[in-house]
2 protein chains.
Amino acid sequence: MKQITIKDVAKKLKCSVSTVSRAFNDKYDIRTETRELILKTATEMGYRPNPIARKLIQQRSFNIGVVVPEFINSFFPEVIIGAQEVLHEQGYQVLIMQSNESSELELKNVQTLLNNMVDGILISLSSETDNMDFYLNAIKEKMPMVFFNRVVEGLPASKVLFDDYKWAFFATEHLIMQGYKDIVHLIGSKDLTLTKNRTKGFEDAHRKHKLSPGKSEVAGFSMNSGECFIEKRIEENSLPQAILASSDPCAIGVMKILKANGFNVPNDIAVMGFSESKLAEHVAPPLSSVEQPTYDMGRTAALLLLEQIKNKGLFVPQSIVLNGRLNIRESSMKL
Amino acid sequence: MKQITIKDVAKKLKCSVSTVSRAFNDKYDIRTETRELILKTATEMGYRPNPIARKLIQQRSFNIGVVVPEFINSFFPEVIIGAQEVLHEQGYQVLIMQSNESSELELKNVQTLLNNMVDGILISLSSETDNMDFYLNAIKEKMPMVFFNRVVEGLPASKVLFDDYKWAFFATEHLIMQGYKDIVHLIGSKDLTLTKNRTKGFEDAHRKHKLSPGKSEVAGFSMNSGECFIEKRIEENSLPQAILASSDPCAIGVMKILKANGFNVPNDIAVMGFSESKLAEHVAPPLSSVEQPTYDMGRTAALLLLEQIKNKGLFVPQSIVLNGRLNIRESSMKL
DNA sequence: TTGTAGGCGTTATCAA
DNA sequence: TTGATAACGCCTACAA
């Protein structure tokens, strides 16, 4: 796409490039008539300032990068849409990159975004990521960055989190109250803060009801991970009474295999999801799940990021914890 | 993030910037030892060439932009993952932008991507888009661009399509064979090629079976659009015998409202989706749908784009039509 | 094999 | 109010 440059416009109008530049950046002195003339002919010629060159000299792009571990499920897309709402309003465009739960690809994505000089980054870590060196360094170098949902401990950065402890506690308690005792908690990834909090909530709920703390087991977040877990358990003939899954897709995977093997949910075994997805109410049986405020999470993260961009250099990292809701449906209700 | 520039490296090593540059672009003569020394110290210093500056001079970025109308449903994410597979392999990074089914935002997205000088664009149009001027112009200016899934007629560009005619035909025929006669076809957007093809298939299936061609009605692609449509029909007491929806989410919306109003699917009314989503087999009742090769669509589009980038200027637009499959489940089977 | 210098398309700082 | 010119960080003839 051959560019028409500022020079072409200047030549045509027999004025200097700086005058043209001024016409496009209305903070400088310029006669109104000349500005209008320039703007008019420039548009006619199809000229638009080249943002690459602009970025090179201004060191800002009005682009924000978002990195997510996956977007097959509606969770992350919803968060992104929330973020877009507030960012678009402030004149920012949103570039999305997806890391396929691979820490290597995630790193590449972040670097690509930095390379393209986005003004800030919203990121949710992949389940694989454990080395934080790159991020620590980026933070030290004052790159505006907000972590959401999937974060790790001890990162001196702003974060938007969900109250995983509380809702894992309530979800577990609900299962206990329904009479299920031998409960397995599936976790998506060991290192994430979210996992630690959920596990703690899961165990504390057991303690409160004088039960020996149940077991947590690493599975993954995907539908496939749920399938694998439960297949193994069926094979081993060691089914628990209930399962608190790492995510809705994971829960649905579990239910699928259970049904395929002739088990009844919730009578033989109860299943609960996490992070309510669009699917939950439509699957059979309808899936109980913990609902998270996805759009809000995106909006909040975006606001934190904008603030950080504004106060570059002198900002205090803050963590915001969002509340949720328990949606009880058939999959966890003893008949 | 303060950049370490090529100058810093040159200064430190007491050599010229061009030598450093050469070390990073191994097509020039340079002594192996000096190259290695430079590369080593450069990495130590944390230097990486600034792609912005590089782009400015090289006019290419090894970035590909993808614009989709939505990504709440798994369809587009799957296509993107397919495209990423082949693009990553060739050293390209993939930047995704989402237009929320808004043609205005879509245009902004494309412009942002062009501004950031992506080497090419994969795009699926929003349901709102009808003005093609911008795209026609971009094509004329040789911007590598491949349209997939949601395209319009008469665009002199490469396209990857699904065989909507054929599978709308088979889907309709299946409904007819099951004994449903009064069938309504929900369409997502008037202007898209896909709509025209599906409508034709829908009508031809009626003709083949000597039925008066059924009605197509604009609804939209979303779950919400399905809900609205069927709510109105219930209110008007004008329910058809079967519905061929514009998408799975749309079909699920229809089923949800029907169930909520005490209707039985498929006995009172049959429902079929389109573009099989992960949800189809898990909803109740399991949803019949037309399965499309999403990953393949992404891969194919990416390959066409790469070819177009390589042969910039002298390429012949081609359309590739992909095949699909009918997944018959309970929602469309008369008991 | 290496260095010098001009240019990619802008904006910013001076003078005029 | 406008114009010349030096940056921004890099690549690449050309000269050395």
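In what follows, chains carry the letters A, B, and so on, assigned in the order in which the sequence lines appear, proteins first and then strands, with residues in each chain numbered from 1.
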Taking any heavy-atom pair under 4.0 Å as a contact, classify A:Ser18: base, sugar-phosphate, or nothing.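 Here A:Ser18 touches the bases of the nucleic acid.
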To the nearest Å, how far apart are [X] [atom1] and [N] [atom2]?
{"X": "B:Lys11", "N": "D:dG9", "atom1": "NZ", "atom2": "P", "answer": "12 Å"}
{"X": "B:Leu13", "N": "C:dT1", "atom1": "CG", "atom2": "C1'", "answer": "16 Å"}
{"X": "B:Arg22", "N": "D:dC11", "atom1": "CZ", "atom2": "P", "answer": "11 Å"}
{"X": "A:Lys14", "N": "D:dT2", "atom1": "NZ", "atom2": "P", "answer": "17 Å"}
{"X": "B:Ile38", "N": "C:dT1", "atom1": "CD1", "atom2": "P", "answer": "13 Å"}
{"X": "B:Asn25", "N": "D:dC10", "atom1": "CG", "atom2": "C1'", "answer": "9 Å"}
{"X": "A:Phe62", "N": "C:dT10", "atom1": "CZ", "atom2": "C1'", "answer": "16 Å"}
{"X": "B:Gln58", "N": "D:dG9", "atom1": "CD", "atom2": "P", "answer": "17 Å"}

Closest non-hydrogen atom pair between A:Asn73 and A:Pro77, with its separation: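 So the two residues come closest at O-CD, 3.0 Å.
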Shortest non-hydrogen contact from B:Ala157 to B:Ile139?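 Smallest heavy-atom distance, with atoms named: CB-CD1, 3.7 Å.
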side-chain hydrogen bond (donor to acceptor under 3.5 Å, both in side chains) with B:Thr193: which residues, sequence neighbours excluded?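 B:Thr193 satisfies side-chain hydrogen bond (donor to acceptor under 3.5 Å, both in side chains) with B:Glu153 once adjacent residues are dropped.
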Under 6.0 Å between ring centres: does that hold for A:Tyr47 and A:Phe24?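 Ring centroids of A:Tyr47 and A:Phe24 are less than 6.0 Å from each other.
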Respond yes when some side-chain nitrogen or oxygen of A:Ser21 is under 4.0 Å from OP1 or OP2 of C:dT10, and no when none is.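 No.
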Whether the side chain of A:Arg150 engages the backbone of A:Ser124 through a donor-acceptor N/O pair (distance < 3.5 Å, no angle test) should be reported.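 Between the backbone of A:Ser124 and the side chain of A:Arg150 there is no qualifying donor-acceptor contact (under 3.5 Å).
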Tabulated below should be each protein N or O lying under 3.5 Å from an N or O of nucleotides 7-9 of chain C; please produce it.
| from | atom 1 | to | atom 2 | distance (Å) |
| --- | --- | --- | --- | --- |
| C:dC8 | OP2 | A:Lys7 | NZ | 3.4 |

Quickly, which of A:Val146, A:Val66, A:Leu114 forms a side-chain contact (heavy atoms from CB on, under 4.5 Å) with A:Ile121? Name it, please.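 Among A:Val146, A:Val66, A:Leu114, the one that satisfies the side-chain contact (heavy atoms from CB on, under 4.5 Å) with A:Ile121 is A:Leu114.
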Under the rule for side-chain contact (heavy atoms from CB on, under 4.5 Å), what residues qualify as partners of B:Leu303, not counting sequence neighbours?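 Applying side-chain contact (heavy atoms from CB on, under 4.5 Å) to B:Leu303 gives B:Val86.
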Sorted by first residue and then second, give each ring-ring contact (aromatic ring centres under 6.0 Å, His included) pair with at least one member in residues 89-114 of chain B; sequence neighbours left out.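 Sorted pair list: B:Phe62-B:Tyr92.
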Determine to 10° how strongly the helix from C:dT1-D:dA16 to C:dA16-D:dT1 is bent, judged from the axes of its five-pair ends.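 The helix from C:dT1-D:dA16 to C:dA16-D:dT1 shows an end-to-end axis angle of 50°.
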Mind jotting down which residue pairs meet the salt bridge (charged side-chain N to carboxylate O under 4.0 Å, His left out) criterion with at least one end in residues 53-66 of chain A? Sequence neighbours excluded, please.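 Salt bridge (charged side-chain N to carboxylate O under 4.0 Å, His left out) check on residues 53-66 of chain A returns A:Arg60-A:Asp119.
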